[in-house]
Amino acid sequence: MIEGAATVVVVDDDLSVRRGLSRLLRSAGYGVETYSSAREFLDSGNYGRASCLVLDVRMPGQNGLDLHEVLTAAGHDTPVIFITGHGDITMAVRAMKAGAADFLAKPFDDTTFLKAVQQAIARVRVGEPPSASPDP
Amino acid sequence: MTGKDALEPRPREGKIASPLPQSTGRIVAAALLVSVAYYAGANVGFVFRFPPATPSILWPPNAILTATLLLSPVPRWWIYLLAALPAHLVAELGVPLPAPLVLALFATNCSEALVAAICVRYLSDAPARFDTLRRVAVFVGGAVLVAPFVSSFMDAAAVAALRGESYWIVWRTRFFSNALTELILVPAIVTVATARSSWVRGMSIRRRVEAAILALGFLTVGMVVVFAGPADSVSNIPGAPHTTRTLLLPFILWAAVRFGPGGTSLSLLATVLLAIWADTRGHGPFGTLPLTESVAALQIVLSVVAIPLICLAAVIEERRQANEVVAERLRFEELLTGLSSTFVHLHGHEVETAFEVSLRRLGEALALDRLTLYRISRDADEFLIGYSWSGPGVEPVPRATVSADFPWIMRQILREQPVAVVRPEELPAEAALDAETLRRRGIRSNLAIPLVAGGRLLGALAFVTLGAERAWPDDLVQRLRLVGEVFANALAQKEAEDALRASELMKSAILASLPSEIAVLDREGRIIAVNNGWQRSARENGGAPEAGVGVGASYLDIWRRAVGTGVPHAGAALAGIEAVLGRSETGFALEYPCAGSDVERWVALSVVPLNRPEGGAVVSHTDVSERKLAELEAQHSRQELAHFTRVSTMGELAASLAHELNQPLTGILSNAQAAQRFLEATPPDLGEVRDILTDIVDDDKRAAEVIQRLRYLLKKDEAQFLWIDLNVLIRDVVKLLSSDAVIRNVTVRLELDPRPVMVSGDGVQLRQVILNLLLNAMEAMAECAENDRIIVVRTETSEVEAVHVSVRDAGTGLGQDTHQLVFEPFYTTKPAGMGMGLAIAKSIIEAHGGVIWADSSTRGATFHFALPAPDERPV
């Protein structure tokens, strides 16, 4: 089941993580844009086209949570999935409160990841909370 | 005669010796004595007065007065003359003479005594002595001839005028009788009065026996003379003496030759008395003549004989005294030579005895009561009794403070001036304390002589008499100063020897007390001396290669043998010792484990050159096993602690390390699963899969590196010193901390020397230092604004053969006075910190022979460490 033109943006400082996630998303049929830092993403100005943002929490410079706050403040309600190497509950709570679609601890399974992306995009499209997970 | 006689105190020359008492009571007693003597003398004279002639043929009163005036000071003459007046009056009462004549006779008597006394006093150098020809000549001229000659004119005039006797007969009778009495009585009286008991006491036994024989012989012959009958009985023998009386002549000569003018005078007196006695019995020498004529003839004969006899006695006495002076000088020279030679060849304890003996000999020779050698104290403000001799029955010298008791004398001695005191009263007014002390101690005469050697005052000699007064003539003082020089030199030599011995004793005591084994080597490396420790060790460790050797063995050979048997450190030791012996090195030290015993033993070898022209060295072996074991123990503990802190540091870093590992793991998992998806697609995208596999391999390597870096830190090996490039090491640790830095929002900037920064060290430990410094820097900036969180790590190889590493943070810096404190164990400002990080870093850097320090400013703190750079960079 292909969602067509849905584009997912991945912001992570680690190259191999970016490439691995990019390949997973492409194998599932998504369009993918990757950025190595929040600054690079903001500078690209492409955040308006994204259907879903995958943000690393810990990054040199501005971190994922801050970036999310900036985007929210700017009126962008693109669904966001946070990924982090630290399973930090405090951060997870903060992220969810700020309206994050999901919060994943590295490393994670492909199905978990793709399901989270799919549900985030679907919730925006349907305008209601996701009820079932699409078969990737 | 003994030496004692020669140096017996005498009244001083040129001064009136006054054996007559000084106090009023005694003057009165003396005046009474004069009075009684005068009276007695007058009565003796009356016996020999043969009326109608007024003058007596023997008139002692005038001689008694003359002797009195010679013995007493001029100002008291009138007392004694006045004392004689009542005696004169009383004596003359029994004689029917007119009163004016009695007074006139007293006047002429006094005038004779006065003329005699004045003549002798002003012409003789010693009026009361008759022991030189000059003195006797003055006496004979003044007292025997002039005085009777002059006074007899007045006497004859008075007698002729008042009694109508023949002027010339009176003059002649009086002149001869008075001349004779002056001649034989005055020396006898004066000799007995001045010599008193000491004249007899001073004699040796032999002289006393001789005097007794003389007196006995004299008396025997005298009896023969008196009772042998008229002279005529022998006078018909041709050439025989006219009278038995001439038999006395040998005895008078004997007395003159052997007993001086005093003895002569006494024997003459006895002769006169005997002769007159004989004459009055009618046995006179000139028995056929009338008595007066006979007496006059006797007077003339006696006077003619007596004058040359007394002169002869004086000459002999003078010669004897001169001989005595020479002999006494000789004895003193001998004494001095003896003392000098005594001290020349003495050593150590013998000197003490020599001082005692010398003081005794000198004290006895000088007839002293006490002789004390004082030594000056170190700070020259006190004299301490060094040696002292006291005569028999004399108390030892009191232990008292010289500076308090004899301040004036001590000042003179400090100025190196001798002080001679004949009697305490003679001391000047400023020496009142000294005089008082002398009196209190019963000291009569005292001579203090400074002891000076090599221009240094060492002490003083104090010559003391208690009862008897003692003169200190200049020549005696000069000679005693020579004695002082001998003592001073001996003292100086003894002090020098004492100092040397003390120094040597101290050195050997120090050497003996050292626990180390010490040996002294000559230039060739032979052992020339060892201490107790060495001997002990030689006994105990007979088998050890560097022990069990005594004096005479070659120390170098021992090490040469050790080199031969392959002892590991022997080559280095041998080279070091040879370098010191050859003076190319100023010292050598080596610590080595000692083989051949069950327990591990460490020895510190130290070689120091001997600072002397002949060269040589001092070798010491010190057992440093305990220290060495403690060091190893400490090193082990430090490593344990370091390891423990590394492990705990890892615990703190766990989260960031997890992140560090999660990144490659995440990459690997997502790539692998993507690959599965690409393979399931049709057609499978093999190109993508190939790229994925490459990425997976890289990620895996990355994860392995993280693990490896962790391993480096967590290794628990013995320290291993290797050549390490600090730049590589720092990059490694910074990578390990990179995720932590990300989490803490800290940027680590490296400003590393472009060349490798090589040190010799243990990689694990040095990693820990850098890790601790970086963690410390990160934590220091927890409160900073995120943009400011920058750490700068610099390395450089400095000019001074050291490498320098600094880690600068931008935190709040260090508080004042905490620059040293931060390196103390358990010092921490962080709530969760253990306070061991920097302390561990410090101990590791110091174990590497480096230093670590901190400085700070408002822009943060910088921690530095420097490690010795290798002399040669490894290729």
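Just so it is clear: chains get the letters A, B, ... in the order the sequence lines come, proteins before strands, and each one is counted from 1.
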- request: Can you sort out the partners of B/R767 under salt bridge (Lys or Arg N to Asp or Glu O under 4.0 Å), two or more places apart, ordered by chain and number?
  value: B/D732

task: Tell me, yes or no, whether the heavy-atom count around B/R789 atom CZ, taken from other residues, nucleotides or ligands under 6.0 Å, exceeds 12.
output: yes

Going by atom type alone, with no hydrogens or angles, which donor-acceptor pairs under 3.5 Å involve a side-chain atom of residues 684-691 of chain B and a protein atom two or more places apart or on another chain?
| from | atom 1 | to | atom 2 | distance (Å) |
| --- | --- | --- | --- | --- |
| B/D685 | OD1 | B/E688 | N | 3.2 |
| B/E688 | OE2 | A/R23 | NE | 2.8 |
| B/E688 | OE2 | A/R26 | NH2 | 3.2 |

- request: State, with a plain yes or no, whether a side-chain heavy atom of A/D56 is found less than 4.5 Å away from one of A/M59.
  value: yes

- request: Taking the six-membered ring for Trp and the full ring for Phe, Tyr or His, determine whether the centres of B/F865 and B/H804 are under 6.0 Å apart.
  value: no

query: Does the salt bridge (charged side-chain N to carboxylate O under 4.0 Å, His left out) test come out yes or no for B/E705 and B/K735, once each step is laid out?
result: CA-CA 10 Å; B/E705 278 173 21; B/K735 269 185 200 155; 5.0 Å; no

field: Per-residue contacts, residues 8-17 of chain A versus chain B, heavy atoms under 4.5 Å
entry: A/D12, A/D13, A/D14, A/S16, A/V17

Residue among A/N63, A/I83, A/L25, A/L24 with most heavy-atom pairs under 4.5 Å to chain B: A/L24

- prompt: Got a sec, which residues hit side-chain hydrogen bond (donor to acceptor under 3.5 Å, both in side chains) with B/D753, two or more places apart in sequence or on another chain?
  reply: B/R755

- prompt: Among B/D699, B/N745, B/I692, which residue forms the greatest number of heavy-atom pairs with chain A at distances under 4.5 Å?
  reply: B/I692

